[in-house]
Amino acid sequence: METLEKKSVAEDPILEEAFMTRLLNGEKIEPKEWMPENYRKQLTRMMSQHAHSEVIGMQPEANWITRAPSLLRKVILLAKIQDEGGHGLYLYGSTETLGTDRSELIEQLHEGKAKYSSVFNYPTLNWADIGAIGWLVDGAAIVNQTMLAKTSYGPYSRAMLRICKEEGFHNRQGYDLMIAMMRGTKEQQEMAQDAMNRWWWPALMMFGPHDKNSSNTIELMKYRIKLESNDDLRQQFIDRTIPQAEIIGLTIPDPNLKFNKETGHYETSDINWDEFFNVIRGKGPCNKQRMHNHIQAHEEGKWVREAAEAYASKHKQL
Ligand code: BYC
């Protein structure tokens with residue numbers, strides 16, 4: 001695919017001031033408009049990481065397609081996984097508008113230069129994990145993405161609007177699955193609690209490190225790419241999810257959890273940050289497997305890309 005010409009110049013205080021004024025006025029920035037190089041770099045990093053997460057995130061759920069307990073659950077799961085692939089496509093497309101070709105973004109992922117969400121490096125061990133992913137992982141993603149729908153970059157913001165609508169369905173089907181398990185046998189209830197125990201902390205880690213350790217937040221907020229901090233978003237997720245767990249009889253795996261009546265927020269134990277940093281450095285339980293599968297699928301799909309390119313170039317000549 002043809003790479004868009006990069007329009008920015010590295011430093012230009014006058015253009016930068018005009019750019020910042022546009023951001024303060026709540027204007028969206030569009031692909032061919034001038035933007036500071038750091039704005040482009042931060043967006044490319046974050047959006048490509050987001051695209052990779054959507055696509056890698058298909059793997060833990062796909063693990064259960066052949067074992068879904070009913071035709072209805074299988075159809076729902078297939079539709080959800082297909083949606084995640086579509087989200088990856090919108091996001092790669094949006095990222096390309098910043099001037100980096102998708103093949104380069106994928107190369108960065110395969111070389112370990114680009115990240116994807118830590119949460120997808122955990123295994124799906126029982127059927128209730130599919131419920132926990134929809135309810136907790138998509139639930140965390142929605143909190144983050146509802147904020148990103150107001151981001152300053154037009155193509156990212158528009159992709160988020162559509163993605164959030166689909167994530168709403170994903171979240172709902174996950175919670176519905178957990179409700180069904182909690183209404184089931186003692187064994188099914190134990191499976192649901194086991195899934196809750198294993199996915200709660202990784203879901204909280206999705207929001208990234210504490211604000212004081214978040215190297216990118218200040219610049220991202222200055223450029224109105226991110227409008228709220230990691231800790232603020234994480235707190236919103238905690239506050240809305242705990243009552244949902246309690247109402248269906250699930251226990252949050254945190255002995256120190258308490259509700260602070262004065263602040264109106266739940267307080268949790270601190271997250272195991274050693275675990276988080278290990279996972280994002282490639283040492284989580286499934287990092288190797290996820291990358292191996294992605295690289296293999298990419299290589300096996302080479303002929304499709306070649307055929308599509310040959311067709312496109314022939315079509316251009318006609
Ligand atoms: N995992 O300065 P910080 C989905 C990295 S998928 C891995 O706070 P930032 C779904 C961070 O990149 C939806 N790495 O970063 C799909 C940085 O390293 P670099 C996924 C993480 O950017 C299928 C360093 O740690 N959502 O819904 O300010 C099935 C310091 O962090 C993580 C998105 O991708 C992490 N969790 O904030 C089901 C949302 N956290 O890059 C569901 C878009 C941090 O400097 N992304 N790091 O080397 C974001 O909103 C932000 O990038 C983050 C991090 C909140 C993730």
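Keep in mind that what you see is a predicted model, and the values were worked out from it rather than measured.
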If we ignore hydrogens and angles and just use 3.5 Å, is the side chain of [X] paired with the main-chain N or O of [Y] as donor and acceptor?
X      : Y      : result
Glu96  : Arg102 : yes
Thr95  : Thr44  : no
Glu111 : Gln108 : no
Thr241 : Ile238 : no
Asn260 : Glu262 : yes
Asn230 : Pro209 : yes
Asn287 : Val279 : yes
Tyr223 : Leu23  : no

Answer yes if the side chains of [X] and [Y] hold a donor-acceptor pair under 3.5 Å, and no otherwise.
X      : Y      : value
Arg162 : Tyr90  : yes
Tyr122 : Asp129 : no
Gln42  : Asn38  : no
Ser103 : Asp101 : yes
Gln193 : Asn197 : yes
Lys28  : Ser152 : no
Asn256 : Ser269 : yes
Tyr92  : His52  : yes
His170 : Glu84  : yes
Trp201 : Asn272 : no

Quiz item: Can the ring centroids of Tyr39 and Phe19 be said to lie less than 6.0 angstrom from one another?
Solution: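 So the answer is yes for these two rings.
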
Contacts of [X] that satisfy ring pair (Phe, Tyr, Trp, His ring centres under 6.0 Å) - sequence neighbours left out:
X      : result
Phe169 : none
His110 : His294, His298
His265 : none
Phe207 : Phe237

Would you indicate whether [X], at its atom [atom1], is surrounded by more than 12 heavy atoms from other residues, nucleotides or ligands within a distance under 6.0 Å?
X      : atom1 : result
Gln82  : CD    : no
Arg224 : CZ    : no
Arg172 : CZ    : no
Ile218 : CD1   : no
Gln296 : CD    : yes

Are [X] and [Y] close enough that some pair of their side-chain heavy atoms sits under 4.5 Å apart?
X      : Y      : answer
Gln59  : Ile56  : yes
Met196 : Ile252 : yes
Ile248 : Gln189 : no
Asp254 : Tyr266 : no
Ile133 : Trp64  : no
Lys150 : Ser157 : no
Tyr116 : Ser118 : no
Met46  : Tyr156 : yes

Practice problem: Before giving the answer on salt bridge (Lys or Arg N to Asp or Glu O under 4.0 Å), spell out for Arg234 and Asp211 the whole-Å C-alpha distance, their side-chain angles and the decisive distance to 0.1 Å. | Solution: CA-CA 11 Å; Arg234 184 169 18 244; Asp211 295 348; 5.5 Å; no

When clusters are formed by joining ILVMFWY residues with side-chain heavy atoms under 4.5 Å apart, either directly or through shared neighbours, do [X] and [Y] land in the same one?
X      : Y      : result
Met147 : Met221 : no
Met182 : Leu177 : no
Leu125 : Ile65  : no
Leu257 : Ile247 : yes
Met291 : Ile106 : no

Quiz prompt | Interatomic spacing from OH in Tyr153 to CG in Leu148 - rounded to 0.5 Å | solution =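 Result: 14.5 Å between the selected atoms.
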
Practice problem: Could you tell me the separation between the NZ atom of Lys32 and the CE atom of Met35, rounded to the nearest 0.5 Å? | Solution: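 Rounded to the nearest 0.5 Å, the NZ-CE separation comes out at 11.5 Å.
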
Quiz prompt | Charged N-O contact under 4.0 Å between Glu309 and Arg305 | solution =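 Here Glu309 does not pair with Arg305 in a salt bridge, since their nearest N and O are not under 4.0 Å apart.
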
Quiz item: Under a 4.0 Å N-O cut-off, is there an ion pair linking Asp138 with Lys80?
Solution: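 Salt bridge: yes.
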
Practice problem: Apply the test salt bridge (Lys or Arg N to Asp or Glu O under 4.0 Å) to residues Lys226 and Glu219: give CA-CA distance (whole Å), side-chain angles for both, the deciding distance (0.1 Å), then the verdict. | Solution: CA-CA 9 Å; Lys226 239 158 92 163; Glu219 189 165 49; over 6 Å; no

Practice problem: Could you please spell out the steps behind the side-chain hydrogen bond (donor to acceptor under 3.5 Å, both in side chains) verdict for Gln236 and Asp232? | Solution: CA-CA 6 Å; Gln236 284 173 35; Asp232 287 349; over 6 Å; no

Practice problem: With Met47 as reference, evaluate Leu98, Thr151, Ile225, Thr97 under the side-chain contact (heavy atoms from CB on, under 4.5 Å) test and give the passing residue. | Solution: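 The side-chain contact (heavy atoms from CB on, under 4.5 Å) with Met47 is passed solely by Leu98 among Leu98, Thr151, Ile225, Thr97.
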
Exercise. Begin with the C-alpha distance, continue with both residues' side-chain angles, and end with the deciding distance and a verdict on salt bridge (Lys or Arg N to Asp or Glu O under 4.0 Å) for Glu299 and Lys302.
Key: CA-CA 5 Å; Glu299 281 166 3; Lys302 192 166 172 248; over 6 Å; no

Quiz item: Got a sec, which residues hit side chain to side chain contact (heavy atoms under 4.5 Å, CB included) with Ser117, two or more places apart in sequence or on another chain?
Solution: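 Ser53, Val119, Phe120, Met206.
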
Quiz item: Who pairs with Gln289 by side chain to side chain donor-acceptor pair (under 3.5 Å), at least two apart in sequence or on another chain?
Solution: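 If we apply the side chain to side chain donor-acceptor pair (under 3.5 Å) test to Gln289, skipping adjacent residues, there are no hits.
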
Self-check item: Step-by-step salt bridge (Lys or Arg N to Asp or Glu O under 4.0 Å) determination, Glu33 to Arg22
Solution: CA-CA 12 Å; Glu33 295 173 341; Arg22 291 188 62 198; 3.1 Å; yes

